[in-house]
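Okay, structure first, notes after.
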2 protein chains.
Amino acid sequence: MQLSQTEENYIKAIYALSERSPSFDTSTNEIAVRINTKPPSVSDMLRKLTVKKLVTYQKYKRVTLTKTGRQVAIQIIRKHRLWEVFLHDKLQFTWDEVHEVAEQLEHIQSEKLTERLEKYLGYPKYDPHGDPIPSATGELKEAKRLMLSEMEMGVTCQVVGVKDSSSEFLQYLHQIDVGIGTKIKVLEQIAFDHSLIVSFKKGHQTTVSKKFADNVLVTS
Amino acid sequence: MQLSQTEENYIKAIYALSERSPSFDTSTNEIAVRINTKPPSVSDMLRKLTVKKLVTYQKYKRVTLTKTGRQVAIQIIRKHRLWEVFLHDKLQFTWDEVHEVAEQLEHIQSEKLTERLEKYLGYPKYDPHGDPIPSATGELKEAKRLMLSEMEMGVTCQVVGVKDSSSEFLQYLHQIDVGIGTKIKVLEQIAFDHSLIVSFKKGHQTTVSKKFADNVLVTS
DNA sequence: TACAAAAGTTAGATAAGCCTAACTTGATTT
DNA sequence: AAATCAAGTTAGGCTTATCTAACTTTTGTA
Ligand SMILES: [Mn+2]
Ligand SMILES: [Mn+2]
Ligand SMILES: [Mn+2]
Ligand SMILES: [Mn+2]
């Protein structure tokens, strides 16, 4: 099925939002906020996507992706993350620069390109944000990741991704020299505001907020 | 200036058509044929591009790119050809596969991407079809493609394309094992009928007609 | 020079995406 | 159960890009 860039962006947004909901659905307003449009535009598009059997939707109710819709979403995410790896590994883009360009590259239509790119990159399993890359057949492994705020005291862990990928957050991380692979040990939790005292690398010690720790994903 | 993909494709078409005209201009109908639209669509677009100062145009007359228009065209061509090199050199796409995908990739907007890609590819001067790659500042060399019949004696060259793409010709090429990338050395020209004695690869030697040599494009 | 054919433009529609303003529905609270 | 408010849809309009049919200008040839 030949989808426009706009349709692809909607599908991807619905996927992301519904995956994080316990009932695997989402709402008109949530979609509007995420893709920076107004609710009426979303209503229009949901009608279109329903006709194309990509979403299950009745007006005034919440939306779910159909099986086809989910497959479409996963293929776009696959391309997005492969391009992110390319930009990061081959063209030395920094962590916070890759997303914006991948947002465009994910819409290039050529299966051959995707497969060749994947091979060229050495079949990477994770993108530069630590998110798993779906296989050509749509298999997507769950990354066993924790929020930094969930780590036990005294245990050293490694940064594998972020929850928030706003450029504000990514730039802050860059500023304090935290990236994929950075080793962090949680030393103490402050009862008052749940902020954490942590050490990076060789003893260099800082305090980070709960909000920060909730948005840094780590593996132990 | 932020241009749509459609506008970019028009600009590129106008560039290609006007470059091959002695007066550096082109016509509504020529553009329509090239980008597979109807003349009224072209008329509309020419009005739009005139307002944006990308073309010089008066209705019922022929159209020329402005200096800005030409710069825009060259930047798109630069991206197109760099992506062709990437697809060919890094992802092993064949010469006839690269164009279609590059047609999409040329519209990705990120100067940094273009510059990094160029560096990554080792600042190539020519694309896989032997066409020159403009520099970041818009400098553009002459094409280095010649007809095989124009080659000097004793010089080894490489096949980069064909002028005639009839299946008779392509089958003949296949039969004598000539394809893109084949190395050819011109040994002798027969005065009588301008046929050429050439050697392929390791000394394997043949005679080809003038008509053949006029339709094989090579770079030295 | 006249006048027919070709080249090009305008008029009027359509489709995709987006918007604001006005309305409807469903959920929450009393 | 009714009232209120948030969530969502519809109505109607705008822009970009396209088309066909009808018209106008330019051209090239008799
Ligand atoms: Mn996108
Ligand atoms: Mn990512
Ligand atoms: Mn293009
Ligand atoms: Mn080319």
Side-chain angles (χ1 to χ4, degrees), chain A residues 1-14 17-18 20-65 69 72 76 103-104 106-107 109, chain B residues 1-14 17-18 20-65 69 72 76 103-104 106-107 109:
Chain A
M1 200 184 328
Q2 185 77 316
L3 298 177
S4 70
Q5 280 200 203
T6 307
E7 288 169 323
E8 288 193 347
N9 284 333
Y10 273 95
I11 291 289
K12 203 163 66 112
I14 295 166
L17 293 167
S18 59
R20 73 171 60 156
S21 132
S23 41
F24 290 91
D25 58 14
T26 185
S27 72
T28 302
N29 280 6
E30 278 168 10
I31 299 167
V33 168
R34 178 168 249 257
I35 65 183
N36 228 323
T37 55
K38 304 295 167 181
S41 307
V42 177
S43 279
D44 283 355
M45 184 57 86
L46 289 181
R47 229 185 316 101
K48 259 182 73 182
L49 295 177
T50 305
V51 171
K52 295 196 176 186
K53 306 234 157 119
L54 294 166
V55 301
T56 304
Y57 166 69
Q58 285 170 282
K59 61 184 189 175
Y60 293 108
K61 302 278 173 62
R62 292 172 69 84
V63 201
T64 325
L65 286 179
V72 168
I76 304 164
E103 204 54 49
Q104 298 177 60
E106 72 190 358
H107 304 291
Q109 294 189 322
Chain B
M1 201 186 327
Q2 186 79 315
L3 298 177
S4 71
Q5 280 201 203
T6 307
E7 289 170 322
E8 289 193 346
N9 285 334
Y10 272 96
I11 291 289
K12 201 163 67 113
I14 296 166
L17 292 166
S18 59
R20 74 171 57 158
S21 131
S23 41
F24 291 92
D25 58 14
T26 186
S27 71
T28 302
N29 280 5
E30 278 169 10
I31 299 166
V33 167
R34 179 168 248 258
I35 64 182
N36 229 324
T37 55
K38 304 294 168 186
S41 308
V42 177
S43 279
D44 282 356
M45 184 56 87
L46 289 180
R47 228 186 317 99
K48 260 182 74 183
L49 296 176
T50 305
V51 172
K52 295 195 175 183
K53 305 236 157 116
L54 294 166
V55 302
T56 304
Y57 167 68
Q58 286 170 280
K59 64 183 189 177
Y60 293 108
K61 300 279 172 63
R62 291 172 70 83
V63 68
T64 325
L65 287 178
V72 168
I76 304 164
E103 204 56 47
Q104 298 177 61
E106 71 189 0
H107 303 290
Q109 294 190 322

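Numbers restart at 1 for each chain; the letters A, B, ... are given by sequence-line order, proteins then strands.
- Checked against dC19(D), dT10(D), dT10(C), the side chain of Ser41(B) finds its nearest nucleotide in dC19(D).
- Thr6(B) is linked by a side-chain hydrogen bond (donor to acceptor under 3.5 Å, both in side chains) to nothing, counting only residues two or more places apart in sequence or in another chain.
- Rounded to an integer number of Å, the gap from Leu46(B) CG to dT10(C) C1' is 14 Å.
- Close to dT16(D), at under 4.0 Å from its OP1 or OP2, lies no side-chain N or O of Ser4(B).
- With rounding to whole Å, Gln2(B) atom CD is found 13 Å from dT16(D) atom P.
- Taking CD of Glu103(A) as the reference point, atom NZ of Lys12(A) lies at 3.5 Å (rounded to 0.5 Å).
- We find that CG of Asp44(A) is positioned 12 Å from C1' of dA15(C), with the value rounded to whole Å.
- Along DNA chain C, the nucleotide closest to Lys61(A) and the one closest to Met45(A) are compared, and the more 5′ of them pairs with Met45(A).
- Taking only side-chain nitrogens and oxygens, Tyr10(B) comes nearer than 4.0 Å to OP1 or OP2 of dT18(D).
- Whole-Å rounding puts the Asn9(B) CG to dT16(D) C1' distance at 15 Å.
- As a whole-Å value, the separation of Arg62(B) CZ from dT27(D) P is 10 Å.
- Within the 4.5 Å cutoff, the side chain of Leu65(B) has no heavy atoms near those of the Phe24(B) side chain.
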Test Leu3(A) against Lys52(A) for side-chain contact (heavy atoms from CB on, under 4.5 Å), laying out the working first. CA-CA 10 Å; Leu3(A) 298 177; Lys52(A) 295 196 176 186; 4.2 Å; yes
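- Between Gln58(B) atom CD and dG8(C) atom C1' there is a gap of 14 Å when expressed in whole angstrom units.
- In this structure, Thr28(A) and Ser43(A) have side chains that are in contact, with non-hydrogen atoms separated by less than 4.5 Å.
- Non-hydrogen atoms lying under 4.0 Å from DNA chain D are contributed by Ser27(A), Thr28(A), Asn29(A), all within residues 27-38 of chain A.
- For the pair Arg47(A) CZ and dT10(D) C1', the computed distance is 9 Å after rounding to whole Å.
- Taking the side chain as every heavy atom from C-beta outward, Arg34(B) and Ile14(B) never approach each other to under 4.5 Å.
- For Lys59(A), counting side-chain heavy atoms from C-beta on, the closest listed nucleotide (dT10(D), dG26(C), dT25(D)) is dT10(D).
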CA sep, side-chain torsions, deciding dist, call: Ser23(B), Asp25(B), side-chain hydrogen bond (donor to acceptor under 3.5 Å, both in side chains): CA-CA 6 Å; Ser23(B) 41; Asp25(B) 58 14; 3.0 Å; yes
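- Comparing dT10(C), dT10(D), dT25(C) against the side chain of Ser43(A) picks out dT10(D) as the nearest.
- When rounded to the nearest whole Å, the span between CD of Glu8(A) and C1' of dA16(C) equals 15 Å.
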